[in-house]
Structures are given as structure tokens and as C-alpha cells.
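Position 1 is the first residue of the sequence, and the numbers go up from there. Atoms within each ligand, like the ligands themselves, are counted from 1 in listed order. In this text, all values refer to a predicted model and were calculated from it rather than measured experimentally.
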Amino acid sequence: MHLHLDRRPYATQPAVVAEDGRYRPVSYWQETVSVTPGPPLTEDVSCDVAIVGGGFTGLSTACELKRSDPSLNVVVLERAVVGHGASGRNGGFVMPLIGWDLLEVARALGEETCGHASRLMYDAVAHTKQLIRDRRIDCDLEETGYLFLATCEARKARIRDEVDLAHRLGYRHRRLEGADLDEYVRSDGFLAGVFDPEPAVVNPAKLARGLKTLAEEAGAIICEQTPLEEFTEGRPHVLRTPHATVRADQVVLGVNGYGAALGFMGSRVFPVHTYIVLTEPIDAADLEAIGWGRHRASLETDRNFIHYFRLTADNRILFGGEDVALFYGGKLIDHDERTYRGLEARFRRYFPSLSKVRFSHRWGGVLGVTIDMFPSFGQAGPDGTIFHATGYSGHGVALANYAGKVLAPHILKKAGRDVLEESLPRPFFFDRKPSAIPLQPLRYVGLQAYRGTLHAQDWWQGA
Ligand SMILES: Cc1cc2nc3c(=O)[nH]c(=O)nc-3n(C[C@H](O)[C@H](O)[C@H](O)COP(=O)(O)OP(=O)(O)OC[C@H]3O[C@@H](n4cnc5c(N)ncnc54)[C@H](O)[C@@H]3O)c2cc1C
């Protein structure tokens, strides 16, 4: 494998670190943490494991490796600063969804595999919450549960099947309608819902920075402002950065939506953008008026182009989704005025009583999306020492925080540590290559056509 960083997708992005050395946050969450960008790597180093990407995937892998074997030398290379990517910009939903809702997963994979996959996702949710509690990571963890809402009759009919399937798989989902639903949230746009008590919300940038501290305390070296520019597979693998070279026995690629710019899985994992708007703090009476004051459940609609809503610790409403954007040439674009306007208009339709509420922040970020929406973890290279975890397709907060649990045992075994072959985690998305859409411009046209079909279905069903 040989990778080379293409700078063109970043061409429209402002510098992450301003001339005075200060970090430029993109999201509201990133404004809530104090970040002094670490200096770039300037001396050549050799290590056991080099991890590319300082998001949840890279950080969870660094933490898990150092926890399992403190003697391993682990170096993390981060192009910007830790948590600058999706991990510091997302909605903060720590949720068990993988790809689609349970019914769609069962339809795609069969009920048995759906059961295994969803169990792993619930483990990922439990692991993330436990880690935050055990290590006292200050990231506003709130166990709100999660309410999945039907916005049209066609999808309301599916709610009963979704709950039945969840119960068969052993989960505690509850169907909510009428007065029961009003207890959680009131809007003419929501016809029925499924409540799952397990999910939680966090401030994701605080979580990412907390994981950085944990990884460093465990002895991992984290190099910010250090982009991987060229990767050459070998023994050792060679990772070239602007001022220094890293030689590593094993490599982990944790770059998710940024992978295409490196030429990694460019025809299989697509950089897709999602955008968020955030209100000013809402007062208690306004929250009570829409029934959201008591349970504070996090909300998602079951449209193809979902809407996701949650409350922040200071009672702002975060509202995201409505559309996704993918740009020709894999361009990375943090803002999209059209989607912001669509979101704000939709928000006022869902909650007309909040029409006077003002929006204080708007931002977006990039996801790695596969054509079937399922992630891809795996191992490559002639001796299997190049690992990756990518393609979370919008649901990576829990799973990327669990990536270390999945990848670390494989890495430790390759490093000659005593790990039983049968104890190696191999979920269904391990060593799976998502389908490819090979050539540009066919890829761009094909993906836009697919996006158009999903929009048409939402419109047709009145979702
Ligand atoms: C707006 C938005 C809302 C979302 N909401 C949710 C949600 O509520 N719940 C949920 O489960 N998921 C959500 N997601 C998805 C979730 O955030 C991601 O799946 C998850 O954060 C992926 O983590 P990661 O570490 O793999 O990738 P990232 O967090 O993107 O980290 C990749 C890192 O790699 C670095 N990098 C890139 N190229 C290089 C290079 N060449 N050299 C060195 N470093 C490099 C980047 O700077 C970045 O820091 C959302 C995503 C977005 C964008």
C-alpha cells in the first residue's frame, strides 16, 4: 500500500491554527475546550505502532494499546489538533445504531447477524459511558435515552415492528404514542416514537480532549499539526510528515471521512458532510411548552435524511441533518448556507412556539460513508500490520470509541504478545470491503443520484 496526501480537498479550508498560534474552532463544542495546539513532530522516530488520526478511533486505539501493554511505543499523528475532525463536531449521541435502524439492519443482514451487530453496538455504548465514569472524563455525559420518531404514516406503521424486533433481541425499547409521546416531546410533526433508554449524550470535544489526556498519561506520544503526507508500506512502514519521518512496525489508519484525501479506500468510503445549527439557551418555560423539559430524551426522526435534536448542558437545542452534501473531488467544506437555512426553517415548523428563539452557532463536518452504510474495520498488508476502522456512516461516536477494543488485540498479537486466536474480535464488518464505485465522474453522479432517490422517497411519504 502506498498513500499520498492530496491537498486539493482542503484548499477551501482556513488554517486550523491562526498566525498567532491560536486554535480556530469550527464547532460550538470546540469553543468549550481550551486548546493549545501541540508542536509538530520535528525529529525522526521509530515506534511499535503509529496511529494516523486524533479522533475517537485513533485515541481509543492508543488508550487501549497502552492499557493492555504499557511497554508498546505508540505515536499518534494528527494533521490538525485532537478532536478537530468529526469527533469534535458531532451531535454527541452515544448510540447503538449501526448503519440504519434495527429493522433495516435485520433486512440487510438477517436477524441473527443483526443481533450480534447490535449487541456489539450496545457494548460500545456501555463501554463509552463506563470509561467516561471510571476515568472521570469531564464531558457532560447525560443518560437521556433516545427517541426515534415517525414523521409520516408510512413510517409510523413500522414502529410496532421495530419494537417487536428490539424485544426479540432482548432490548428495552418502548413504543410511545399520544399522551405517552407528549410526555417526552410535543410537535405536530411527530406521530409516534420508539424510546430506547440506553443511549446517552456527551460534549464530544470535551470527550476527545479527555481521551488525549488519558492516552498521554498512559505514555502515548501525540503529535498535533503533523499530517501524514506519504505512507510507504514496508518492514518497517515509513510515514513521512512535513518535518520528520516515522518508522513503525504497525500502522492504524483512523482518518474516517478524510481517508479519500489520502487515497485510502477512495472508491469505497465517501466523504459526506452533515451540518448542525444550535440555538441560544432555551428557558425552562419554553422547554416545558414543547414537553421536552422533563425527560430531555435525545431525538432523531426516521426520515432517510434524518433530523437529530438534543439539549446541551446549558439547554441549547442542537439540531442537525435535513440533507447531506458531497462535493466533487472529495472537497472538504465545513459550512453550507443552504442546509443551515433548511434546518432553521424545519426547526420552526417542528416547534412553532419557539419561533423567536435565535440560533447562535452553525457548523458541519465530514463523515466516512459506505454505500450500504455499514462500517469497515480490517487488516491489510502482506503481513497484516496495517489496520483501519472507518465508514461509521453517521453513527461513530460509540463505535469509534470502541474501535480500540476491536483493533488492539489484533495489533498485540502481531506484536508477539500472548493473545489467543479465538479471543480476537471479528465482528461482521471486520475484514469487509464495502462495495466500490470506481471512476470519477461516475462516482459523483452515482452518489448524487442515490441522494436524489432518498430525498424523493422522503418527499413522497411526507416524512
Ligand atoms: C456534524 C456531525 C454530526 C455527527 N453526529 C453524530 C452523533 O451524534 N452520533 C454518532 O454516533 N456519530 C455522529 N457523527 C459521526 C461521528 O462523529 C464519527 O463517526 C466519529 O467521530 C469518527 O471518528 P474518527 O476518529 O474515525 O474520525 P475523525 O473524528 O474525523 O478523526 C479523524 C482525524 O484524522 C485527522 N487526519 C485526517 N487526515 C490526516 C492525515 N493525513 N494525517 C494525520 N491526521 C489526519 C483529522 O484531522 C481528524 O482529527 C457525526 C459527524 C458529524 C460530522
Side-chain angles (χ1 to χ4, degrees), residues 3-7 9-10 13 16 26-27 29 40-41 50-61 76-98 121 124-125 128 146 199-202 204-205 207-208 211-212 223-231 239-242 246 252-264 269 271-277 298 300 306 308-310 318 320-321 324 332 334 336 339 362-369 375 377 388-404:
L3 304 175
H4 196 276
L5 181 65
D6 179 357
R7 288 195 187 78
Y10 292 94
Q13 298 225 316
V16 174
V26 177
S27 71
W29 307 120
L41 182 71
I51 297 175
V52 186
F56 293 145
T57 300
L59 297 167
S60 68
T61 308
V76 179
L77 305 177
E78 165 52 50
R79 191 190 77 87
V81 302
V82 160
H84 183 70
S87 297
R89 308 183 191 190
N90 57 70
F93 292 62
V94 184
M95 65 206 294
L97 283 195
I98 184 165
M121 290 303 297
V125 169
T128 308
Y146 163 80
V201 287
V202 293
L207 176 55
L211 290 172
K212 173 179 186 281
C223 311
E224 297 188 316
Q225 303 188 73
T226 305
L228 170 67
E229 293 191 325
E230 193 172 1
F231 169 73
L239 296 92
R240 199 173 55 73
T241 74
V246 180
V252 178
L253 296 169
V255 288
N256 200 33
Y258 300 92
L262 265 174
F264 179 66
V269 179
V272 168
H273 295 71
T274 167
Y275 298 94
I276 284 175
V277 295
S298 303
E300 183 170 312
I306 58 167
Y308 44 99
F309 321 54
R310 59 160 290 190
L318 175 149
V324 295
L332 297 161
D334 291 342
D336 185 55
T339 306
R362 300 157 138 199
W363 73 89
V366 70
L367 311 163
V369 174
F377 282 33
H388 73 268
T390 183
Y392 301 101
S393 301
H395 298 125
V397 172
L399 189 53
N401 272 290
Y402 200 67

Novice: Thinking salt bridges, do E229 and R7 make one under a 4.0 Å N-O criterion?
Specialist: yes
Novice: Check the pair I98, Y392 against side-chain contact (heavy atoms from CB on, under 4.5 Å), reporting the backbone distance first and the verdict last.
Specialist: CA-CA 8 Å; I98 184 165; Y392 301 101; over 6 Å; no
Novice: Hey, what polar pairs (N/O, under 3.5 Å) does ligand 1 make with protein?
Specialist:
unit_1	atom_1	unit_2	atom_2	d
ligand 1	5 (N)	G91	N	2.9
ligand 1	8 (O)	G91	N	3.4
ligand 1	8 (O)	G92	N	3.4
ligand 1	8 (O)	F93	N	3.1
ligand 1	9 (N)	F93	O	3.0
ligand 1	11 (O)	F93	O	3.4
ligand 1	11 (O)	G396	N	3.1
ligand 1	11 (O)	V397	N	2.9
ligand 1	12 (N)	G394	O	3.0
ligand 1	12 (N)	G396	N	3.2
ligand 1	17 (O)	A86	O	3.4
ligand 1	17 (O)	N90	ND2	3.2
ligand 1	19 (O)	G396	N	3.3
ligand 1	21 (O)	S87	N	3.4
ligand 1	21 (O)	S87	OG	3.0
ligand 1	23 (O)	S87	OG	3.2
ligand 1	25 (O)	F56	N	3.0
ligand 1	25 (O)	T57	N	3.0
ligand 1	25 (O)	T57	OG1	3.4
ligand 1	26 (O)	T57	OG1	2.6
ligand 1	29 (O)	A86	N	3.4
ligand 1	29 (O)	S87	N	2.8
ligand 1	29 (O)	S87	OG	2.5
ligand 1	30 (O)	A86	N	3.2
ligand 1	41 (N)	L228	O	3.2
ligand 1	42 (N)	L228	N	2.8
ligand 1	44 (N)	R79	N	3.0
ligand 1	47 (O)	E78	OE2	2.6
ligand 1	49 (O)	E78	OE1	2.7
ligand 1	49 (O)	E78	OE2	3.2

Novice: With S393, which residues qualify under side chain to side chain contact (heavy atoms under 4.5 Å, CB included), at least two apart?
Specialist: V369, T370, M373
Novice: Show me the donor-acceptor pairs within less than 3.5 Å that the side chains of residues 253-263 make with the rest of the protein, sequence neighbours left out.
Specialist:
unit_1	atom_1	unit_2	atom_2	d
N256	OD1	T390	OG1	3.2
N256	OD1	G391	N	3.0

Novice: Decide, yes or no, whether a salt bridge links D336 with R362 under the criterion of side-chain N to carboxylate O below 4.0 Å.
Specialist: no
Novice: Partners of P96 by side chain to side chain contact (heavy atoms under 4.5 Å, CB included), sequence neighbours excluded?
Specialist: M121, Y122, V125, D196, P199
